[in-house]
There are 6 protein chains.
Amino acid sequence: MLTEFDTSLPSIKQVQKLIKENTSVELKLITGDIIAGTVLWQDSQCFCVMEKDNQKITVWKQAIAYLRQ
Amino acid sequence: MLTEFDTSLPSIKQVQKLIKENTSVELKLITGDIIAGTVLWQDSQCFCVMEKDNQKITVWKQAIAYLRQ
Amino acid sequence: MLTEFDTSLPSIKQVQKLIKENTSVELKLITGDIIAGTVLWQDSQCFCVMEKDNQKITVWKQAIAYLRQ
Amino acid sequence: MLTEFDTSLPSIKQVQKLIKENTSVELKLITGDIIAGTVLWQDSQCFCVMEKDNQKITVWKQAIAYLRQ
Amino acid sequence: MLTEFDTSLPSIKQVQKLIKENTSVELKLITGDIIAGTVLWQDSQCFCVMEKDNQKITVWKQAIAYLRQ
Amino acid sequence: MLTEFDTSLPSIKQVQKLIKENTSVELKLITGDIIAGTVLWQDSQCFCVMEKDNQKITVWKQAIAYLRQ
């Protein structure tokens, strides 16, 4: 289950780095949607992403297939 | 699993704020459905949303892909 | 995970009320199916619904996207 | 999670009754498949169903949307 | 969650038997894929299957709908 | 749940071997996507894969159907 928020996990640390460096990412969701923008924050259940049009979107981690930088 | 209801989580706090401020949101579900309205309440498993036609709909968090404000 | 059956949860209480008041509901499933009828009982994993043609159907909560009254 | 096998649950007891009474059922899966037959046994993760052509099929509970009798 | 590997479960024992007897099986996945071959090993998260063309494939149990012998 | 990272599991050990030997793999996701490349690291929630065009992609294990070598 994705409610474990173990900051020692490489995958969690990787996203913390992306947040710190304000790196643009693409999230592919299991719905087929692709969310592009920069990650503002993450917790055990969600990412909050600032999209290109400065709109904030909260993505549930359960729906994520992959992340590309 | 989404039955953890940790009110210190940013994602839970974000929705509490949306409820308090009666903010309109759009929930995209993994079925492709988009539910628009204001969130009345949330618990560890569901959101209750008041839709535009004043109809109440209970959305299972397990089926949510993302939330837009 | 949906095996937590915490009767203090608003979402569980809401369905208990629907059962008590024999309210007609529509359940949208992640398969796209819509199950219409009245909820007979619920437990941590399933709803049992009496459909319009008096047929009983057991729906796994894991497959539910939303419930409309 | 569906690895809880609490035989006091109505949904588990319902299936135990279907097994005992050799009742024909239809299982709708999230793949869209419909499995028809009689349930031979169940555990926390699976049902074993005897299909009409006397073929045994093991269905993972995680993939079940609903059961009709 | 499928990380429970309780070897007393009928469904786990069934697959152990299939492995021992080198029985050909078909796994239907929630992607619609059908994987045919013999099961080499299983753990709490995966099956390893030897396909007909002697290629090894690791299937995540989370993605399995059903198994036919 | 896939947050259990038990390095004694055959499926975890298999991927550790693929990482060590820099073996090319194909991951089929439940979205239908096929991710090809070499696995750089894994944790309880994700794989990080170096794709053919030297792009890094983080795949959530929850979205994986199978892995071919």
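These values consider heavy atoms only, across backbone and side chains, with no hydrogens, waters or symmetry-generated copies. Convention: sequence-line order gives letters A, B, ...; per-chain numbering from 1.
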Q: Pick whichever of C:I35, C:I57, C:T31, C:V49 has the most heavy-atom pairs under 4.5 Å with chain D.
A: C:I57
(Q) For C:I30, which atoms come within 4.5 Å of any heavy atom of chain D: side chain, backbone, both, or neither? (A) side chain
(Q) Minimum heavy-atom separation for C:C48 and D:Q14, please, with both atom names. (A) SG-NE2, 4.2 Å
Q) Once you round to the nearest 0.5 Å, how far does CD1 of D:I12 lie from NZ of D:K17? A) 15.5 Å
Q. With a 4.0 Å cut-off, would you call D:K56 and D:E51 a salt bridge?
A. no
Q. Measuring heavy-atom distances to chain D, does C:I64 have an atom under 4.5 Å in its side chain, in its backbone, in both, or in neither?
A. neither
Q) Can you list the residues that meet the salt bridge (Lys or Arg N to Asp or Glu O under 4.0 Å) rule with D:E26, with sequence neighbours excluded? A) none
